[in-house]
Amino acid sequence: MPALPIVAIIGRPNVGKSTLFNRLVGKRLALVDDRPGVTRDRREGEGVLLGLPFRLFDTAGFEDEDAQTLPGRMRAQTEAAVAQADVALFMIDGRAGVTSLDETVAQWLRGSDTPIVLIVNKAEGRAADAGVYEGFALGFGEPVPLSAEHGEGMADLFDALLPHIDRVDVEEEPDDGDRPDAPLKLAIVGRPNAGKSTLVNRMLGEERMITGPEAGITRDSISIDWEWPDPQGGTRKVRLIDTAGLRKKAKVEDKLEKLSAADTFHAVDFAEVVVLLLDATRGLEAQDLRIADRVLEEGRALVIALNKWDVAEGQSALFNGVKAALGDGLSQVKDVPLLAVSAATGKGLDQLLAAAFETREAWSKRVTTGQLNRWFETAVEKNPPPAPGGKRIKLRFITQAKTRPPGFVLFGTRVDQLPASYQRYLVNGIRRELGFAGVPLRLTLRASRNPFGKNE
Ligand code: GDP
Ligand code: GDP
(Lines give C-alpha, C1' and ligand atoms only; values in the text may rest on other atoms or scores of the structure.)
(Ligands and ions follow the chains in the order given, each with its own letter.)
Protein backbone atom coordinates (compact mmCIF):
# COMPACT_ATOMS: atom_id res chain seq x y z
CA MET A 1 0.00 0.00 0.00
CA PRO A 2 1.49 3.34 -0.97
CA ALA A 3 1.16 6.11 1.59
CA LEU A 4 -2.02 8.10 1.25
CA PRO A 5 -1.75 11.55 -0.26
CA ILE A 6 -1.92 14.38 2.24
CA VAL A 7 -4.43 17.19 2.17
CA ALA A 8 -4.19 20.14 4.55
CA ILE A 9 -7.04 22.51 5.39
CA ILE A 10 -5.80 25.96 6.23
CA GLY A 11 -7.32 29.36 6.83
CA ARG A 12 -8.09 31.79 9.59
CA PRO A 13 -10.33 30.78 12.53
CA ASN A 14 -14.07 30.32 12.07
CA VAL A 15 -14.17 29.89 8.33
CA GLY A 16 -15.34 26.29 8.78
CA LYS A 17 -12.18 24.19 8.63
CA SER A 18 -13.18 21.83 11.43
CA THR A 19 -16.62 21.44 9.95
CA LEU A 20 -15.13 20.30 6.66
CA PHE A 21 -12.62 18.13 8.48
CA ASN A 22 -15.39 16.40 10.38
CA ARG A 23 -17.40 15.89 7.25
CA LEU A 24 -14.53 14.28 5.39
CA VAL A 25 -13.06 12.29 8.24
CA GLY A 26 -16.20 11.41 10.15
CA LYS A 27 -15.59 8.68 12.68
CA ARG A 28 -12.17 7.80 11.37
CA LEU A 29 -10.76 10.66 13.34
CA ALA A 30 -7.48 10.06 15.07
CA LEU A 31 -6.44 12.85 17.34
CA VAL A 32 -2.70 13.17 17.29
CA ASP A 33 -2.32 15.34 20.28
CA ASP A 34 -5.27 15.85 22.49
CA ARG A 35 -3.66 15.96 25.90
CA PRO A 36 -5.13 18.60 28.18
CA GLY A 37 -2.92 21.59 28.60
CA VAL A 38 -1.25 21.06 25.29
CA THR A 39 -2.37 23.35 22.57
CA ARG A 40 -3.96 21.27 19.91
CA ASP A 41 -2.12 22.39 16.83
CA ARG A 42 -3.44 20.05 14.36
CA ARG A 43 -5.93 17.29 13.89
CA GLU A 44 -5.18 14.49 11.56
CA GLY A 45 -7.36 11.74 10.18
CA GLU A 46 -8.15 9.59 7.25
CA GLY A 47 -10.56 11.36 4.95
CA VAL A 48 -12.53 10.04 2.07
CA LEU A 49 -14.42 11.94 -0.58
CA LEU A 50 -16.54 9.99 -3.04
CA GLY A 51 -14.33 7.00 -2.74
CA LEU A 52 -11.08 8.92 -2.92
CA PRO A 53 -8.98 8.37 0.22
CA PHE A 54 -6.39 10.72 1.68
CA ARG A 55 -4.88 11.86 4.95
CA LEU A 56 -6.31 15.10 6.15
CA PHE A 57 -4.68 17.74 8.36
CA ASP A 58 -6.70 20.44 9.94
CA THR A 59 -4.72 23.33 11.34
CA ALA A 60 -6.96 24.06 14.24
CA GLY A 61 -6.18 25.31 17.67
CA PHE A 62 -5.60 29.00 17.40
CA GLU A 63 -9.17 30.04 18.03
CA ASP A 64 -8.39 31.32 21.49
CA GLU A 65 -5.35 33.18 20.49
CA ASP A 66 -5.52 36.94 20.86
CA ALA A 67 -5.27 39.11 17.84
CA GLN A 68 -1.71 40.17 18.61
CA THR A 69 -0.09 36.75 18.70
CA LEU A 70 -2.44 34.96 16.35
CA PRO A 71 -0.79 35.64 13.03
CA GLY A 72 2.62 34.50 14.17
CA ARG A 73 1.47 31.17 15.51
CA MET A 74 -0.90 30.67 12.67
CA ARG A 75 1.81 31.26 10.17
CA ALA A 76 4.12 28.68 11.64
CA GLN A 77 1.41 26.04 11.65
CA THR A 78 0.06 26.89 8.28
CA GLU A 79 3.44 26.73 6.67
CA ALA A 80 4.32 23.47 8.37
CA ALA A 81 1.06 21.85 7.26
CA VAL A 82 1.34 23.12 3.72
CA ALA A 83 4.92 21.96 3.41
CA GLN A 84 3.91 18.41 4.25
CA ALA A 85 0.81 18.31 2.10
CA ASP A 86 0.33 17.22 -1.50
CA VAL A 87 -2.35 19.86 -1.79
CA ALA A 88 -3.71 22.53 0.57
CA LEU A 89 -7.28 23.70 0.81
CA PHE A 90 -7.18 27.37 1.66
CA MET A 91 -10.58 28.17 3.09
CA ILE A 92 -12.28 31.51 3.36
CA ASP A 93 -15.75 32.40 4.62
CA GLY A 94 -17.81 33.39 1.60
CA ARG A 95 -20.28 35.32 3.68
CA ALA A 96 -17.64 37.42 5.34
CA GLY A 97 -15.76 37.89 2.06
CA VAL A 98 -12.00 38.23 1.92
CA THR A 99 -10.69 39.71 5.17
CA SER A 100 -7.31 41.24 5.77
CA LEU A 101 -6.24 38.12 7.66
CA ASP A 102 -7.21 36.05 4.60
CA GLU A 103 -5.01 38.31 2.54
CA THR A 104 -2.17 37.79 4.98
CA VAL A 105 -2.56 34.02 4.72
CA ALA A 106 -2.59 34.32 0.95
CA GLN A 107 0.73 36.16 1.15
CA TRP A 108 2.30 33.29 3.09
CA LEU A 109 1.09 30.80 0.55
CA ARG A 110 2.37 32.56 -2.52
CA GLY A 111 5.88 31.23 -2.25
CA SER A 112 4.82 27.68 -1.55
CA ASP A 113 5.38 24.80 -3.97
CA THR A 114 2.30 22.96 -2.76
CA PRO A 115 -0.73 23.39 -4.99
CA ILE A 116 -3.41 25.52 -3.32
CA VAL A 117 -7.14 25.13 -3.89
CA LEU A 118 -9.17 28.09 -2.69
CA ILE A 119 -12.35 27.04 -0.92
CA VAL A 120 -15.15 29.53 -0.42
CA ASN A 121 -17.18 28.07 2.43
CA LYS A 122 -20.66 28.82 3.75
CA ALA A 123 -21.84 29.00 0.15
CA GLU A 124 -25.17 27.23 0.63
CA GLY A 125 -27.86 28.96 -1.32
CA ARG A 126 -26.22 31.81 -3.09
CA ALA A 127 -25.09 33.54 0.03
CA ALA A 128 -21.44 33.43 -0.94
CA ASP A 129 -21.63 34.58 -4.56
CA ALA A 130 -19.91 37.83 -3.76
CA GLY A 131 -17.27 36.01 -1.75
CA VAL A 132 -16.52 33.79 -4.74
CA TYR A 133 -15.77 36.81 -6.90
CA GLU A 134 -13.63 38.34 -4.22
CA GLY A 135 -11.86 35.01 -3.86
CA PHE A 136 -10.72 35.12 -7.46
CA ALA A 137 -8.69 38.19 -6.63
CA LEU A 138 -6.54 36.22 -4.21
CA GLY A 139 -4.85 34.69 -7.21
CA PHE A 140 -5.30 30.96 -6.65
CA GLY A 141 -7.39 30.35 -9.72
CA GLU A 142 -11.04 29.53 -9.69
CA PRO A 143 -12.37 29.18 -6.15
CA VAL A 144 -14.47 26.18 -5.19
CA PRO A 145 -17.66 27.29 -3.45
CA LEU A 146 -19.04 24.79 -0.98
CA SER A 147 -20.95 24.39 2.21
CA ALA A 148 -19.05 22.28 4.71
CA GLU A 149 -22.04 22.32 7.00
CA HIS A 150 -24.63 21.27 4.43
CA GLY A 151 -22.44 19.08 2.28
CA GLU A 152 -22.91 21.07 -0.90
CA GLY A 153 -20.20 21.39 -3.51
CA MET A 154 -18.50 18.10 -2.68
CA ALA A 155 -18.39 17.07 -6.34
CA ASP A 156 -16.56 20.24 -7.24
CA LEU A 157 -14.19 19.73 -4.36
CA PHE A 158 -13.55 16.22 -5.65
CA ASP A 159 -12.75 17.58 -9.10
CA ALA A 160 -10.40 20.15 -7.68
CA LEU A 161 -8.60 17.62 -5.48
CA LEU A 162 -8.40 14.75 -7.90
CA PRO A 163 -5.56 15.96 -10.11
CA HIS A 164 -3.40 16.44 -7.04
CA ILE A 165 -4.14 13.30 -5.10
CA ASP A 166 -5.40 10.73 -7.55
CA ARG A 167 -3.52 7.56 -6.78
CA VAL A 168 -6.37 5.27 -7.66
CA ASP A 169 -4.43 4.01 -10.64
CA VAL A 170 -1.44 2.85 -8.67
CA GLU A 171 -1.83 -0.73 -9.81
CA GLU A 172 -1.11 0.36 -13.35
CA GLU A 173 2.29 0.55 -14.91
CA PRO A 174 4.13 3.51 -13.47
CA ASP A 175 5.09 4.72 -16.92
CA ASP A 176 4.38 7.88 -18.76
CA GLY A 177 1.63 6.29 -20.82
CA ASP A 178 -0.85 8.97 -19.88
CA ARG A 179 0.99 11.49 -21.96
CA PRO A 180 -0.50 11.85 -25.41
CA ASP A 181 2.96 11.77 -26.99
CA ALA A 182 3.93 8.50 -25.32
CA PRO A 183 4.32 5.68 -27.83
CA LEU A 184 1.10 3.93 -28.70
CA LYS A 185 1.44 0.36 -27.50
CA LEU A 186 -0.17 -1.61 -30.24
CA ALA A 187 -0.70 -5.33 -30.63
CA ILE A 188 -1.98 -7.00 -33.76
CA VAL A 189 -3.88 -10.20 -33.26
CA GLY A 190 -5.96 -12.47 -35.45
CA ARG A 191 -6.23 -15.96 -36.77
CA PRO A 192 -3.36 -17.49 -38.72
CA ASN A 193 -3.23 -16.16 -42.28
CA ALA A 194 -5.32 -13.09 -41.52
CA GLY A 195 -2.31 -11.08 -42.68
CA LYS A 196 -0.59 -10.02 -39.47
CA SER A 197 2.97 -10.46 -40.72
CA THR A 198 2.16 -8.72 -43.96
CA LEU A 199 0.67 -5.81 -42.03
CA VAL A 200 3.65 -5.48 -39.73
CA ASN A 201 6.05 -5.59 -42.64
CA ARG A 202 4.04 -2.97 -44.44
CA MET A 203 4.00 -0.73 -41.40
CA LEU A 204 7.74 -1.12 -40.91
CA GLY A 205 8.50 -0.88 -44.65
CA GLU A 206 11.72 0.70 -45.85
CA GLU A 207 10.49 4.25 -45.67
CA ARG A 208 9.53 3.84 -42.08
CA MET A 209 11.99 4.70 -39.43
CA ILE A 210 12.54 2.11 -36.82
CA THR A 211 13.55 4.12 -33.83
CA GLY A 212 14.17 1.41 -31.33
CA PRO A 213 17.29 -0.70 -31.12
CA GLU A 214 17.28 -3.84 -33.29
CA ALA A 215 14.11 -4.96 -31.70
CA GLY A 216 13.60 -4.36 -28.06
CA ILE A 217 13.63 -7.74 -26.52
CA THR A 218 12.70 -7.93 -22.91
CA ARG A 219 12.26 -11.07 -20.97
CA ASP A 220 8.53 -10.99 -21.45
CA SER A 221 7.82 -9.41 -24.74
CA ILE A 222 9.23 -8.38 -28.02
CA SER A 223 8.48 -4.90 -29.12
CA ILE A 224 9.66 -2.52 -31.72
CA ASP A 225 9.44 1.26 -31.74
CA TRP A 226 8.83 3.15 -34.93
CA GLU A 227 7.29 6.39 -36.07
CA TRP A 228 4.18 6.74 -38.11
CA PRO A 229 4.13 9.77 -40.41
CA ASP A 230 0.63 11.01 -39.63
CA PRO A 231 -0.93 12.47 -42.80
CA GLN A 232 -2.59 15.02 -40.49
CA GLY A 233 0.88 16.27 -39.64
CA GLY A 234 3.92 15.23 -37.65
CA THR A 235 5.01 11.78 -36.75
CA ARG A 236 3.63 9.69 -33.96
CA LYS A 237 5.42 7.07 -31.97
CA VAL A 238 4.19 3.52 -32.09
CA ARG A 239 5.43 0.53 -30.15
CA LEU A 240 4.41 -2.69 -31.81
CA ILE A 241 4.15 -5.51 -29.38
CA ASP A 242 4.88 -9.14 -29.83
CA THR A 243 3.10 -10.19 -32.96
CA ALA A 244 3.87 -12.88 -35.46
CA GLY A 245 5.40 -10.52 -37.97
CA LEU A 246 7.52 -8.94 -35.34
CA ARG A 247 9.01 -12.21 -34.33
CA LYS A 248 10.01 -12.77 -37.92
CA LYS A 249 11.34 -9.29 -38.30
CA ALA A 250 13.25 -9.51 -35.08
CA LYS A 251 14.59 -12.94 -36.05
CA VAL A 252 14.22 -13.89 -32.48
CA GLU A 253 13.23 -17.40 -32.99
CA ASP A 254 12.14 -19.43 -35.89
CA LYS A 255 8.77 -19.90 -34.49
CA LEU A 256 5.77 -21.07 -36.39
CA GLU A 257 3.54 -18.25 -37.41
CA LYS A 258 0.64 -19.84 -35.74
CA LEU A 259 0.77 -18.05 -32.46
CA SER A 260 -0.90 -19.91 -29.68
CA ALA A 261 -3.74 -18.29 -27.82
CA ALA A 262 -1.42 -17.80 -24.88
CA ASP A 263 1.03 -15.85 -27.04
CA THR A 264 -1.75 -13.69 -28.36
CA PHE A 265 -2.91 -12.76 -24.94
CA HIS A 266 0.55 -12.15 -23.76
CA ALA A 267 0.74 -9.40 -26.36
CA VAL A 268 -2.67 -8.09 -25.35
CA ASP A 269 -1.46 -7.72 -21.77
CA PHE A 270 1.20 -5.28 -22.81
CA ALA A 271 -0.86 -3.32 -25.30
CA GLU A 272 -3.04 -0.26 -24.97
CA VAL A 273 -4.81 -0.78 -28.25
CA VAL A 274 -5.30 -4.12 -29.95
CA VAL A 275 -5.98 -4.44 -33.66
CA LEU A 276 -7.93 -7.56 -34.47
CA LEU A 277 -7.22 -8.43 -38.06
CA LEU A 278 -9.96 -10.26 -39.96
CA ASP A 279 -9.61 -11.90 -43.34
CA ALA A 280 -12.17 -10.29 -45.62
CA THR A 281 -12.23 -13.33 -47.84
CA ARG A 282 -13.49 -15.38 -44.92
CA GLY A 283 -15.67 -12.90 -43.07
CA LEU A 284 -16.21 -12.87 -39.33
CA GLU A 285 -15.86 -16.21 -37.63
CA ALA A 286 -16.77 -17.35 -34.16
CA GLN A 287 -13.13 -17.49 -33.15
CA ASP A 288 -12.71 -13.82 -34.09
CA LEU A 289 -15.55 -12.87 -31.78
CA ARG A 290 -13.99 -14.85 -28.98
CA ILE A 291 -10.71 -13.03 -29.41
CA ALA A 292 -12.50 -9.66 -29.53
CA ASP A 293 -14.44 -10.41 -26.38
CA ARG A 294 -11.29 -11.46 -24.58
CA VAL A 295 -9.50 -8.27 -25.58
CA LEU A 296 -12.37 -6.17 -24.20
CA GLU A 297 -12.58 -8.27 -21.08
CA GLU A 298 -8.92 -7.54 -20.50
CA GLY A 299 -9.88 -3.87 -20.61
CA ARG A 300 -7.95 -3.10 -23.77
CA ALA A 301 -9.15 -0.74 -26.48
CA LEU A 302 -10.03 -2.64 -29.62
CA VAL A 303 -9.98 -1.72 -33.30
CA ILE A 304 -11.08 -4.22 -35.90
CA ALA A 305 -9.58 -4.26 -39.38
CA LEU A 306 -10.99 -6.19 -42.31
CA ASN A 307 -7.88 -7.13 -44.24
CA LYS A 308 -7.35 -8.19 -47.85
CA TRP A 309 -9.84 -5.56 -48.93
CA ASP A 310 -8.09 -5.51 -52.31
CA VAL A 311 -9.55 -8.92 -53.10
CA ALA A 312 -12.81 -8.66 -51.14
CA GLU A 313 -16.00 -9.21 -53.09
CA GLY A 314 -19.28 -7.41 -52.53
CA GLN A 315 -17.51 -4.86 -50.42
CA SER A 316 -20.33 -2.78 -49.02
CA ALA A 317 -22.53 -5.77 -48.17
CA LEU A 318 -19.52 -7.45 -46.60
CA PHE A 319 -18.62 -4.41 -44.54
CA ASN A 320 -22.16 -3.90 -43.29
CA GLY A 321 -22.57 -7.60 -42.60
CA VAL A 322 -19.45 -7.69 -40.47
CA LYS A 323 -20.48 -4.51 -38.67
CA ALA A 324 -23.88 -5.98 -37.83
CA ALA A 325 -22.39 -9.31 -36.77
CA LEU A 326 -20.00 -7.49 -34.42
CA GLY A 327 -22.92 -5.58 -32.93
CA ASP A 328 -24.77 -8.84 -32.29
CA GLY A 329 -21.78 -10.86 -31.28
CA LEU A 330 -19.87 -8.61 -28.91
CA SER A 331 -21.51 -8.57 -25.55
CA GLN A 332 -19.77 -5.55 -24.11
CA VAL A 333 -19.04 -2.92 -26.69
CA LYS A 334 -21.27 -2.41 -29.66
CA ASP A 335 -19.45 0.30 -31.52
CA VAL A 336 -15.90 -0.94 -31.88
CA PRO A 337 -14.22 0.89 -34.78
CA LEU A 338 -14.19 -1.19 -37.96
CA LEU A 339 -11.92 -0.37 -40.89
CA ALA A 340 -11.26 -1.90 -44.27
CA VAL A 341 -7.55 -2.29 -45.02
CA SER A 342 -5.16 -4.01 -47.32
CA ALA A 343 -1.86 -4.99 -45.81
CA ALA A 344 -0.70 -5.95 -49.28
CA THR A 345 -1.31 -2.57 -50.91
CA GLY A 346 -1.16 -0.36 -47.82
CA LYS A 347 -4.65 0.95 -48.35
CA GLY A 348 -6.41 2.08 -45.20
CA LEU A 349 -3.38 1.73 -42.95
CA ASP A 350 -3.20 5.43 -42.13
CA GLN A 351 -6.86 5.38 -41.19
CA LEU A 352 -6.25 2.30 -39.08
CA LEU A 353 -3.46 3.99 -37.14
CA ALA A 354 -5.47 7.18 -36.78
CA ALA A 355 -8.36 5.12 -35.36
CA ALA A 356 -5.96 3.37 -32.97
CA PHE A 357 -4.65 6.68 -31.62
CA GLU A 358 -8.15 8.06 -31.32
CA THR A 359 -9.34 5.02 -29.44
CA ARG A 360 -6.42 5.25 -27.06
CA GLU A 361 -7.43 8.82 -26.35
CA ALA A 362 -10.94 7.78 -25.39
CA TRP A 363 -9.52 4.90 -23.38
CA SER A 364 -7.29 7.33 -21.45
CA LYS A 365 -9.88 10.03 -21.07
CA ARG A 366 -11.20 11.44 -17.82
CA VAL A 367 -14.46 13.30 -17.51
CA THR A 368 -14.99 15.65 -14.64
CA THR A 369 -17.29 14.60 -11.86
CA GLY A 370 -19.45 17.63 -12.54
CA GLN A 371 -19.86 16.76 -16.21
CA LEU A 372 -20.51 13.14 -15.41
CA ASN A 373 -23.19 13.90 -12.85
CA ARG A 374 -24.97 16.39 -15.04
CA TRP A 375 -25.32 13.61 -17.60
CA PHE A 376 -26.15 11.10 -14.86
CA GLU A 377 -29.03 13.13 -13.42
CA THR A 378 -30.71 13.34 -16.79
CA ALA A 379 -30.12 9.67 -17.54
CA VAL A 380 -31.67 8.59 -14.25
CA GLU A 381 -34.55 11.00 -14.65
CA LYS A 382 -35.31 9.71 -18.14
CA ASN A 383 -35.20 6.12 -17.03
CA PRO A 384 -35.38 5.67 -13.26
CA PRO A 385 -34.02 2.47 -11.76
CA PRO A 386 -36.56 -0.20 -10.86
CA ALA A 387 -37.99 -0.80 -7.40
CA PRO A 388 -37.55 -4.50 -6.65
CA GLY A 389 -40.01 -5.57 -4.00
CA GLY A 390 -41.45 -2.06 -3.99
CA LYS A 391 -38.23 -0.64 -2.58
CA ARG A 392 -36.65 1.96 -4.74
CA ILE A 393 -32.98 1.71 -5.57
CA LYS A 394 -31.51 5.13 -5.02
CA LEU A 395 -28.70 6.11 -7.31
CA ARG A 396 -26.98 9.16 -6.00
CA PHE A 397 -23.74 9.87 -7.63
CA ILE A 398 -21.17 8.63 -10.09
CA THR A 399 -17.50 9.35 -10.43
CA GLN A 400 -14.70 8.24 -12.70
CA ALA A 401 -12.15 6.55 -10.50
CA LYS A 402 -9.65 5.53 -13.13
CA THR A 403 -8.62 5.57 -16.76
CA ARG A 404 -6.96 3.12 -19.14
CA PRO A 405 -9.52 1.56 -19.17
CA PRO A 406 -12.04 4.01 -17.78
CA GLY A 407 -13.58 2.86 -14.52
CA PHE A 408 -16.59 4.42 -12.86
CA VAL A 409 -17.94 4.11 -9.36
CA LEU A 410 -21.64 4.47 -8.79
CA PHE A 411 -22.87 5.26 -5.31
CA GLY A 412 -26.34 4.56 -4.06
CA THR A 413 -28.50 2.48 -1.81
CA ARG A 414 -29.50 -1.10 -2.59
CA VAL A 415 -27.18 -1.00 -5.59
CA ASP A 416 -26.56 -4.73 -5.20
CA GLN A 417 -30.04 -5.18 -6.62
CA LEU A 418 -29.46 -3.01 -9.64
CA PRO A 419 -30.20 -5.19 -12.68
CA ALA A 420 -27.48 -5.82 -15.25
CA SER A 421 -29.70 -4.31 -17.93
CA TYR A 422 -29.82 -1.03 -16.04
CA GLN A 423 -26.05 -1.05 -15.61
CA ARG A 424 -25.73 -1.54 -19.36
CA TYR A 425 -28.09 1.37 -19.90
CA LEU A 426 -25.75 3.60 -17.89
CA VAL A 427 -22.54 2.26 -19.39
CA ASN A 428 -23.86 2.61 -22.94
CA GLY A 429 -24.99 6.13 -22.16
CA ILE A 430 -21.56 7.09 -20.85
CA ARG A 431 -19.98 5.59 -23.92
CA ARG A 432 -22.28 7.29 -26.36
CA GLU A 433 -22.73 10.65 -24.73
CA LEU A 434 -19.47 11.34 -22.94
CA GLY A 435 -17.01 10.39 -25.66
CA PHE A 436 -15.99 6.82 -24.86
CA ALA A 437 -17.06 5.24 -28.15
CA GLY A 438 -15.74 1.74 -28.65
CA VAL A 439 -13.97 1.58 -25.31
CA PRO A 440 -14.49 -1.07 -22.62
CA LEU A 441 -15.78 0.62 -19.48
CA ARG A 442 -16.01 -0.73 -15.97
CA LEU A 443 -18.73 0.16 -13.56
CA THR A 444 -18.37 -0.59 -9.85
CA LEU A 445 -21.35 -0.24 -7.58
CA ARG A 446 -20.83 1.00 -4.10
CA ALA A 447 -23.45 1.05 -1.41
CA SER A 448 -23.05 4.18 0.57
CA ARG A 449 -24.53 6.60 2.86
CA ASN A 450 -25.15 9.72 0.94
CA PRO A 451 -21.73 10.48 -0.50
CA PHE A 452 -22.44 14.14 0.12
CA GLY A 453 -22.25 13.15 3.75
CA LYS A 454 -25.77 13.99 4.77
CA ASN A 455 -27.53 11.19 6.52
CA GLU A 456 -30.96 10.28 5.36
P1 GDP B 1 -12.73 26.69 11.93
O2 GDP B 1 -12.36 27.55 13.07
O3 GDP B 1 -12.22 27.24 10.66
O4 GDP B 1 -12.36 25.26 12.14
O5 GDP B 1 -14.32 26.78 11.79
P6 GDP B 1 -15.46 25.82 12.34
O7 GDP B 1 -15.52 24.58 11.52
O8 GDP B 1 -15.31 25.68 13.79
O9 GDP B 1 -16.75 26.68 11.96
C10 GDP B 1 -16.93 28.00 12.40
C11 GDP B 1 -18.40 28.32 12.38
O12 GDP B 1 -18.87 28.34 11.03
C13 GDP B 1 -19.25 27.29 13.10
O14 GDP B 1 -20.26 27.98 13.79
C15 GDP B 1 -19.84 26.47 12.00
O16 GDP B 1 -21.08 25.92 12.35
C17 GDP B 1 -19.98 27.50 10.89
N18 GDP B 1 -19.93 26.88 9.56
C19 GDP B 1 -19.04 25.97 9.11
N20 GDP B 1 -19.33 25.62 7.84
C21 GDP B 1 -20.41 26.33 7.47
C22 GDP B 1 -21.19 26.42 6.29
O23 GDP B 1 -20.95 25.72 5.28
N24 GDP B 1 -22.23 27.27 6.27
C25 GDP B 1 -22.54 28.03 7.36
N26 GDP B 1 -23.57 28.85 7.25
N27 GDP B 1 -21.84 27.97 8.50
C28 GDP B 1 -20.79 27.14 8.58
P1 GDP C 1 -0.46 -14.09 -40.59
O2 GDP C 1 -0.48 -15.56 -40.42
O3 GDP C 1 -1.66 -13.46 -39.95
O4 GDP C 1 0.80 -13.42 -40.19
O5 GDP C 1 -0.68 -13.84 -42.17
P6 GDP C 1 0.37 -13.44 -43.30
O7 GDP C 1 0.79 -12.05 -43.20
O8 GDP C 1 1.43 -14.49 -43.34
O9 GDP C 1 -0.55 -13.55 -44.58
C10 GDP C 1 -1.21 -14.73 -44.95
C11 GDP C 1 -1.45 -14.70 -46.47
O12 GDP C 1 -2.35 -13.64 -46.79
C13 GDP C 1 -0.19 -14.43 -47.24
O14 GDP C 1 -0.21 -15.22 -48.41
C15 GDP C 1 -0.29 -12.95 -47.59
O16 GDP C 1 0.38 -12.63 -48.79
C17 GDP C 1 -1.77 -12.78 -47.73
N18 GDP C 1 -2.19 -11.39 -47.45
C19 GDP C 1 -1.92 -10.69 -46.36
N20 GDP C 1 -2.48 -9.45 -46.45
C21 GDP C 1 -3.10 -9.39 -47.64
C22 GDP C 1 -3.87 -8.39 -48.31
O23 GDP C 1 -4.09 -7.26 -47.83
N24 GDP C 1 -4.36 -8.69 -49.53
C25 GDP C 1 -4.15 -9.89 -50.12
N26 GDP C 1 -4.66 -10.07 -51.30
N27 GDP C 1 -3.44 -10.86 -49.50
C28 GDP C 1 -2.92 -10.62 -48.29
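Keep in mind that what you see is a predicted model, and the values were worked out from it rather than measured. The analysis underlying the following values was restricted to heavy atoms, covering all of them including side chains, and did not include hydrogens, waters or symmetry mates. Ligands are counted one by one from 1 in listed order, and the atoms in each one are counted from 1 as well.
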Q) Taking NZ, NE, NH1 and NH2 as the nitrogens, is one of them in E149 or K122 under 4.0 Å from a carboxylate oxygen of the other? A) no
Numbered atoms of ligand 1 (with element) below 4.0 Å of [X], judged on heavy atoms:
X	result
P13	2 (O)
K122	11 (C), 12 (O), 17 (C), 18 (N), 21 (C), 22 (C), 23 (O), 24 (N), 25 (C), 27 (N), 28 (C)
N14	1 (P), 2 (O), 3 (O), 5 (O), 10 (C), 12 (O)

Q) Donor-acceptor pair, R55 side chain versus L4 backbone, under 3.5 Å? A) no
Nitrogen or oxygen atoms of [X] and ligand 2 under 3.5 Å apart:
X	result
A194	yes
S342	yes
A344	yes

Q. Heavy-atom distance to atom 24 (N) of ligand 1: which of H150, E124, E152, K17 wins?
A. E124
Q: Report the member of K196, K308, K347, R202 with the shortest heavy-atom distance to atom 27 (N) of ligand 2.
A: K308
Q) How are the rings of F90 and F140 set to each other: parallel, tilted or perpendicular (split at 30° and 60°)? A) perpendicular
Quick one: does ligand 2 sit under 4.0 Å from the side chain of [X], the backbone, both or neither, non-hydrogen atoms only?
X	value
P192	backbone
D310	side chain
T198	both
D279	neither

Q. Does anything in residues 99-109 pair up under salt bridge (charged side-chain N to carboxylate O under 4.0 Å, His left out), and if so which pairs, sequence neighbours excluded?
A. R12-D102
Q. Taking N or O atoms only and a 3.5 Å limit, does G16 qualify as a polar contact for ligand 1?
A. yes
Q.
Are any of the N/O atoms on V15, whether in the backbone or the side chain, positioned under 3.5 angstrom from an N/O atom of ligand 1?
A. yes
Q: Please work out whether any backbone atom (N, CA, C, O) or any side-chain heavy atom from C-beta onward of N121 is under 4.0 Å from ligand 1, and answer side chain, backbone, both or neither.
A: side chain
Q. Just heavy atoms, cut-off under 4.0 Å: does M91 contact ligand 1 by side chain, backbone, both, or neither?
A. neither
Q) Going by the order shown, which atoms of ligand 2 are within less than 4.0 Å of some heavy atom of R191? A) 3 (O)
Q: Give the numbers and elements of all ligand 2 atoms closer than 4.0 Å to a heavy atom of V311.
A: 26 (N)
Q.
If you count every heavy atom of other residues, nucleotides or ligands that lies below 6.0 Å from E358 atom CD, does the total exceed 12?
A. no
(Q) Would you say that more than 12 heavy atoms from the other residues, nucleotides or ligands in this model lie under 6.0 Å from the CD of E142, or not? (A) no
Q) Nearest 0.5 Å, what's the CD-CG distance between E227 and D230? A) 12.0 Å
Q.
Please report the interatomic distance CG(L161) to CG(L89), rounded to the nearest 0.5 Å.
A. 5.0 Å
Q) If you measure only the distance, is there a donor-acceptor pair under 3.5 Å linking the side chains of E124 and S147? A) yes
Q: Search all heavy atoms of V409 against all heavy atoms of A401 and return the closest pair with its distance.
A: CG2-CB, 3.7 Å
Q) How would you list, by chain and number, every residue that makes a side-chain hydrogen bond (donor to acceptor under 3.5 Å, both in side chains) with N320, sequence neighbours excluded? A) none
